[in-house]
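One structure is given below, encoded as structure tokens.
Both backbone and side-chain heavy atoms feed into the values below; hydrogens, waters and symmetry mates do not. So that the names make sense, note that chain A is the first sequence line, chain B the second, and so on, each numbered from 1.
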Protein chains: 2
Amino acid sequence: MLPSPLDSSTSYLSTSAIVALCVFFALLCACIIVGHLLEENRWANESITSLLLGLCSGVVVLLVTKFHSTEILIFNEDLFFLYLLPPIIFNAGFQVKKKQFFRNFTTILLFGVLGTVISFCLISLGAFLLFNTIGITNLDIKDHLAIGAILSATDSVCTLQVLSQDETPFLYSIVFGEGVVNDATSIVLFNSVQSLDFRSINAITVLKLLGTFLYLFCTSTALGIAVGLLSAYIIKTLYFGRHSTDREVALMMLMAYLSYMIAELLNLSGILTIFFCGIVMSHYTWHNVTESSRTTTKHAFATISFIAETFIFLYVGMDAFDIDKWKRSKASIGTSVAVSSTLIALVLIGRAAFVFPLANLANCTKTRESTKIEFRSQFIIWWAGLMRGAVTIALSYNQFSKSKMASAEDSLMITSTIILVLFSTVVFGSITKPLIKAVKLRHSKPSISDSTDIQEDLRLLFLESNCSINQSNNQAFHRQSSFRLMIRYPTTTVHYFWRKFDDKFMRPIFGGRGFVPVVPGSPPAEEDLS
Amino acid sequence: MLPSPLDSSTSYLSTSAIVALCVFFALLCACIIVGHLLEENRWANESITSLLLGLCSGVVVLLVTKFHSTEILIFNEDLFFLYLLPPIIFNAGFQVKKKQFFRNFTTILLFGVLGTVISFCLISLGAFLLFNTIGITNLDIKDHLAIGAILSATDSVCTLQVLSQDETPFLYSIVFGEGVVNDATSIVLFNSVQSLDFRSINAITVLKLLGTFLYLFCTSTALGIAVGLLSAYIIKTLYFGRHSTDREVALMMLMAYLSYMIAELLNLSGILTIFFCGIVMSHYTWHNVTESSRTTTKHAFATISFIAETFIFLYVGMDAFDIDKWKRSKASIGTSVAVSSTLIALVLIGRAAFVFPLANLANCTKTRESTKIEFRSQFIIWWAGLMRGAVTIALSYNQFSKSKMASAEDSLMITSTIILVLFSTVVFGSITKPLIKAVKLRHSKPSISDSTDIQEDLRLLFLESNCSINQSNNQAFHRQSSFRLMIRYPTTTVHYFWRKFDDKFMRPIFGGRGFVPVVPGSPPAEEDLS
């Protein structure tokens, strides 16, 4: 007689957890392989592949379990906010081209903060006006504002996969930067809406909302920078490379994650914190570690972020087949379609309403013709923010499924959000690649080389005046000229002074390129993150 | 009026989870930094540092919560077996020096399997006989056998931190290999004990136990090898490096983890599976990826394993202050000390009872004086397995805290196990470094260079006979000589034939060193894992 395998009851692990993990890991492998095979395909991309694979496996799970929803189908907010989102945002900060990002910082903030607020107001107002027409009357003012915040969270992964950081650096940095700032803004808006008392709305409520928002924005950023600098200081001072590369990598990972957790503990915006922590780490800490740690961190962070992203789309796809919430919504197909269409229309209009005006506003401040955002780029920026993703789903769950027995209206909002996410990712997403290629490729303009020229001019000018700085009349000229330049090219001038400050005070303390002793035996850095 | 931060109730994350994560990540950072600073210290090592830090923070948590146990103090088996153990074991397989490991394979199996079984029998018998004397009578036969399995799981991290892989490769590979095989064996034994019906013990029960054990061992190993080969084949055939390094790394991570999960799903031993998966991946898959993926995987896997290890010791330290289980055991200090001392004595004797006899048995099969295990090495092997760690804790929880209201006897077993783990890690662990240095350093013998000589002899001999293989009388000589050599140096000969098979059949299909086209632009491998 053959020995029988052990009973499942004797295992020290719960079977449902193992089954779920098995399914997810197998699907993740499948996503990576299929994504690789479809790399050259003009319609598909990684997000769509994962989403569709998730949908298919959702159907299979439903069939296997005979139309009973199981745990593996249900989207878990904690999992998303604690483990999946932080690595993605951290990696975004870590891999961002800092020069580009900060050069376009004002434009990015304009789109990411002011734009998101405009979109939030418009969508809230639109939902308030239109839902009554459709016949949804049970939502209160808080719900409508929450819908505005939920639908303002864009997902620009699709577009970023198509845009090339080298071909169109300006456009890439705008779309990328707006995407990150937008995530943070909409989450902060959502939290602000939830925390405020809306029984008596007046001017003070609006001011409070604004105040909370600014407070969260500044403190979160400061915390991220502080933790990043701390990590740089610790690794530089203690010189971890002497004993082990693994300790350096471990410390970087742990401190990045710690910054997110501290921010959440203090009720700040973890996303903003970990994003700036990533930027500071790539500017200082990354230069203080050994060569192999640099390669490892660069690729390991990217890999973890890649896995988390794939996992999220897979998860969103599977979650769509959690049959219970469709039952609970009790809505006819007509109502569902009406609500979803309304939401999609609001998203389209809400985004158009700020991208084109703000882009033209930004153009007004720019003197040179070549640095302006032309209409073609405006269109791409508009399109890049039409997709909705996991943040939308997560916030929607948070707002509309607080109790186990959610009302029909609440469930309807969740299912409509899911339809919106699926539709925008699959339909808008698959058009993105051919559309952007058609719009962009023929007339790419050399906006960036131009901007570099200005900077070179400035640098030469400053260097000249620095050389003769002892002469008092020259110094007066210098002051005068820098003031004039500051007015004319504010961002570039700020960047120049920042570099001076960085070289003189920051890098000697926190390390950075050129300020760290070369570790014996490690080859010089071949490629650079910044 | 300043805007107030948001209420904690509005956050989308549960506060207790955030607090726990914050505490753990901060402590992990502290462990890494303190561990780095104490690197040169002769008493301390990473495990002890983490354990003591865990104990201290356990006290702090108790004081803060006014002697109420909180969730963060309680050891979670699922967390341990699903997320912490797999990366450690995978990394062990991935970084093992394969040549050394397989050359000493028979000795490792002798210690790891037969030795663990002997220790299991002795400790079970000892517990059965001695506990009655102390006055613990409520345990049944299954509990006693479980205690044997629980206490047979050694933790050789301390010793491996002291031994150097380059100075004493033979000793290192024995201690390391035994550690991994021992973990697997004791878990398999534990599962076998739990799955069998002990109401009627007879010869068939023993045979069944043996059969289950062999079945688990073979199928688990086969599964690990299969998944490893599959990953090598996929990455070699699809040539992921063309599009992205991150996909390669992601696929390696995911498939390794998948192998563990599949094994657990099929009720096999996940530890054995993922260990062999790691070996196969480092032998084939690792050579199929781009240069930067190699650096990344090597360090990323080591880092994750390092973090998991540190986390476990921290966790075990904190768990000791979960005050509820001390209350539940209702034991006087005298009884606690008696039980713990008994367990420690059983561990010491149980290990001595198989290390010295088996080492001498192994010596009998060896012809050359220089390859024998001398008494000094036997002592180190004995000492290396005296520490008990997280596997012991996890299995003990599994056996003795099945219900919320465990009996006093069960709770006593858990607290005694904790005392054993703390005592062995801190006391035995801190003596390890000076002790081994004292025993080892003065008379290190060149056992490995000798063994290499034999292999060189063999290779030359075979090469000569291969050159003239067409001559029939030479072929007969070849066959005869290989048979003779097989008898004389079985391991080396097996290794030689394996290399021939590997070069002819395996590497052309699955890739491996020298069988993969050089990726353009990637520098040649500087260092090698094998």
*asked:* What I'd like to find out is whether the side chain of A:R247 reaches to under 4.5 Å of the side chain of B:E46, using heavy atoms alone.
replied: yes
_A:I234 versus chain B, the contacting section by heavy-atom distance below 4.5 Å_ = side chain
*Drop me the distance from B:K298's NZ to A:T245's OG1, to the nearest 0.5 angstrom.*
9.0 Å
*Quick one: what part of A:Y83 sits under 4.5 Å from any heavy atom of chain B, side chain, backbone, both or neither?*
side chain
_How long is the straight-line distance from CD1 of A:I18 back to CG of B:L82, given to the nearest 0.5 Å?_
6.5 Å
_Rounded distance [0.5 Å steps], CD in B:E264 versus SG in A:C22_ = 9.5 Å
*Answer with side chain, backbone, both or neither: which region of B:A17 has an atom nearer than 4.5 Å to a non-hydrogen atom of chain A?*
side chain
*Can you measure from CG (B:D246) to OG1 (A:T303) and round to the nearest 0.5 angstrom?*
4.0 Å
*Could you tell me the separation between the CZ atom of A:F25 and the CE atom of B:M253, rounded to the nearest 0.5 Å?*
10.5 Å
_Top contributor to chain B interface from A:A300, A:C29, A:A302, A:S305 [non-hydrogen pairs under 4.5 Å]_ = A:C29
*Between the side chain of B:H36 and the main-chain N/O of A:L238, is any donor-acceptor distance below 3.5 Å?*
yes
*In terms of heavy-atom pairs under 4.5 Å with chain B, which of A:L254, A:L214, A:L210 leads?*
A:L254
*Quick check: are there more than 12 heavy atoms from other residues, nucleotides or ligands sitting under 6.0 Å from CG of B:L79?*
yes
*Distance, nearest 0.5 Å, that separates OH of A:Y257 from CG of B:L28*: 12.0 Å
_Contact origin within B:I307 toward chain A - heavy atom pairs under 4.5 Å_ = side chain
